[in-house]
Peer 1: 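Once you've had a glance at the structure underneath, I'll fire off some questions.
What you see is a predicted model, and the numbers here were worked out from it, not measured in a lab. A note on names: the letters A, B, ... follow the listed sequences, proteins ahead of strands, and every chain is numbered from 1.
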Number of protein chains: 2
Amino acid sequence: MNTISDVFSFNLARCGFLTTEDRISLDEAANKNVSNVRARSDLMCEGDRAQTVKVVLDGWVAAYKQLSDGHRQILALLLPGDMCAANAFVVERMDYSLGTLTPVRYAEIRREDFEELFENNSRILRAFWWKEMVTASIQREWTANVGQRLATARIAHLFCETHARLDCRNLARGNAIDFPLTQSDIGEATGLTAVHVNRCMQSLRAEKLVELRNRELILPNPERLRKIAMFDPAYLHA
Amino acid sequence: MNTISDVFSFNLARCGFLTTEDRISLDEAANKNVSNVRARSDLMCEGDRAQTVKVVLDGWVAAYKQLSDGHRQILALLLPGDMCAANAFVVERMDYSLGTLTPVRYAEIRREDFEELFENNSRILRAFWWKEMVTASIQREWTANVGQRLATARIAHLFCETHARLDCRNLARGNAIDFPLTQSDIGEATGLTAVHVNRCMQSLRAEKLVELRNRELILPNPERLRKIAMFDPAYLHA
DNA sequence: ACGCTACCATAACTTAAATCAGTTACAGGC
DNA sequence: GCCTGTAACTGATTTAAGTTATGGTAGCGT
């Protein structure tokens, strides 16, 4: 179904108004200029002038910000099908960085090709607008997550959300998903220290709510985890 | 310059590619169906199916989320010229609520009128896309703010950002701005308790970095405040 | 003039999470 | 086999922020 070559359009088509032709032209654009990078490298950094829009085809990317006091916050996880740095296409410069969490296969769409995509096709333009709204929605939830939930609920919420996001792309295996973040990555995504993440993970594990081994995450009791996480998937608009 | 009747287009025109005609049709749409509401009332609630897009013409609105454990997080401040609930136009339902902080004058743009605005005009559609990207950018900064900064820096950052956002709409008076949030609102916006906000405010006041009286905020030493706040305005794309 | 409410201020005390300073386990390279 | 690096884990201690509770004050209606 969702082969590696159509994750991009598959993901965008969730807005509901793209035609088959739209999808074909999107996937063509996303298969022209494909590169591979190793894990733990930066695709781009804050302040860079981005010339191309990047589409994650395989692997995980983290958007993050480094504060001047050294603290790092992971702002978002970009999963296969997600687009990044469309920002810099419309806006001057990157205001955050992109780092890979795994080896990543990604496409670069040049400005001109991007323009061509929605020249005379307002559906595609509207799909990008829609996608940006969903992105903002998720970001709002992250703000609330880090602002209001206690440590364990925060981590549980990250797990629930990531599972849901992968699931609607057919990238979940039942209650299991790939989950390449280390405990210190989880800390940076939730505004906690690695030490505290470790302790919370132990309690979640003891409660038989999560198993995380070899970069695979299993949620044996999603119902109860969602309750602890106060997870309501409405904001994902999936 | 920026009269009450053109805040909407003035704000959107910051993307740089709107024509005078575009601006006129935007302001026409935003002056058709104008209402007033008193302070501390909800424009709409999580779960509502929004039929109209709302444009703040005067006053302040807060976007917020209520968690199932009762905790409330203010997610964003909507200032004159800002648009809200465009979400629900593209997406099914509101995933957050909108509450007024002051008496508010706002316009409602109906679905049809909204459609008409970018029927045959991709510039306006792209302006909305651009605006949504800026919104997402600000939301990312809020995530980092709440996730990584210490209490005093968080509050300082909120002040710096709000001043900058008002300033670029010509709504600042030098170092002074309107600031209708109570200390407990500030707490909800920064993920802190009102008590702790009070302590931080006292230290900021003692350091002669902020004065807040009668809903007016004065930043006597913006340079030093920005440093404490680790505020870099790049993400505002102003 | 009275009480009511909203907001700001404060003190005493508790708690969640950070910090510091490690240990253990394991995988890859030589 | 050993070295190296990364990730997971632990315990002692400190600190930032939360909680509870209460006092003060300004504005408002009656």
Peer 1: Taking 4.0 Å as the cut-off, does a side-chain nitrogen or oxygen of B/R213 come that near to OP1 or OP2 on D/dT25?
Peer 2: no

Peer 1: To the nearest Å, give me how far apart CG (B/L181) and C1' (C/dC7) are.
Peer 2: 13 Å

Peer 1: What is the distance, rounded to the nearest whole Å, between atom CD of A/E188 and atom P of D/dA7?
Peer 2: 11 Å

Peer 1: Looking for any heavy atom pair under 4.0 Å, which part of the strands does B/T182 touch: base, sugar-phosphate only, or nothing?
Peer 2: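 Sugar-phosphate: the residue B/T182, judged by heavy atoms under 4.0 Å, touches backbone atoms but no base.
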
Peer 1: Which donor-acceptor pairs under 3.5 Å do side chains of residues 201-210 of chain B form with protein atoms, sequence neighbours excluded?
Peer 2:
| residue | atom | partner | partner atom | Å |
| --- | --- | --- | --- | --- |
| B/Q202 | NE2 | B/N198 | OD1 | 2.3 |
| B/S203 | OG | B/C200 | O | 3.2 |

Peer 1: Taking CZ from A/R38 and P from D/dT6, how many angstroms apart are they, rounded to a whole number?
Peer 2: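 Nearest whole value for this atom pair: 12 Å.
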
Peer 1: Whole angstroms only, please: what is the CZ-C1' distance between B/R199 and D/dT15?
Peer 2: 12 Å

Peer 1: If you find the nucleotide of DNA chain C closest to B/R40 and the one closest to B/V195, which residue's nucleotide is nearer the 5' end?
Peer 2: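 Nearer the 5' end of the strand: B/R40.
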
Peer 1: Starting at atom CD1 of A/I186, determine the distance to atom P of D/dC9, rounded to an integer number of angstrom.
Peer 2: 11 Å

Peer 1: Between C/dA17, C/dA9, D/dC9, spot the one nearest the side chain of B/Q183, thanks.
Peer 2: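 Among C/dA17, C/dA9, D/dC9, the one nearest the side chain of B/Q183 is C/dA9.
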
Peer 1: Is there a side-chain contact between A/W142 and A/L77 (heavy atoms, below 4.5 Å)?
Peer 2: yes

Peer 1: Applying a 4.0 Å non-hydrogen cut-off, can you work out what A/G191 is touching in the nucleic acid: base, sugar-phosphate, or nothing?
Peer 2: sugar-phosphate

Peer 1: Of B/L101, B/V104, B/T100, which meets side-chain contact (heavy atoms from CB on, under 4.5 Å) against B/W60?
Peer 2: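 It is B/L101, the one option of B/L101, B/V104, B/T100 that forms the side-chain contact (heavy atoms from CB on, under 4.5 Å) with B/W60.
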
Peer 1: Quick one: A/L101 CG to D/dT6 P, roughly how many Å, whole number?
Peer 2: 16 Å

Peer 1: Can you find a side-chain donor-acceptor pair between A/E141 and A/H157 that sits under 3.5 Å?
Peer 2: yes

Peer 1: May I have the distance from A/I155 (atom CD1) to C/dA16 (atom P), rounded to whole angstrom?
Peer 2: 15 Å

Peer 1: Taking 4.0 Å as the cut-off, does a side-chain nitrogen or oxygen of A/N198 come that near to OP1 or OP2 on D/dC9?
Peer 2: yes

Peer 1: Determine whether A/K54 and A/M44 make a side-chain contact, defined as any pair of heavy atoms from C-beta on separated by less than 4.5 Å.
Peer 2: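 The answer is yes, as the side chains (C-beta and beyond) meet within the 4.5 Å cut-off.
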
Peer 1: Of all the nucleotides listed (D/dA16, D/dC9, C/dA9), which has the minimum atom distance to the side chain of B/L150?
Peer 2: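 It is D/dA16.
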
Peer 1: Can you find a side chain N or O atom of A/Q202 that sits less than 4.0 Å from OP1 or OP2 on D/dT10?
Peer 2: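 For A/Q202, the contact criterion (side-chain N or O under 4.0 Å from OP1 or OP2 of D/dT10) is met.
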
Peer 1: Between B/D185 and B/T182, do the side chains contain a donor N or O and an acceptor N or O under 3.5 Å apart?
Peer 2: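 Distance-only check passes for B/T182 and B/D185.
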
Peer 1: Distance to the ring centre below 6.0 angstrom and angle to the axis at most 45 degrees; does that hold for B/R215 and B/F179?
Peer 2: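 Output no; distance or angle outside limits.
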
Peer 1: To the nearest 10 degrees, how far apart in direction are the end axes of the helix from C/dA1-D/dT30 to C/dC30-D/dG1, each fit to five base pairs?
Peer 2: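 Helix axis angle between the two ends: 40°.
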
Peer 1: Looking at C/dC8, I'd like to know if its phosphate oxygens (OP1 or OP2) sit under 4.0 Å from a side-chain N or O belonging to B/R215.
Peer 2: yes

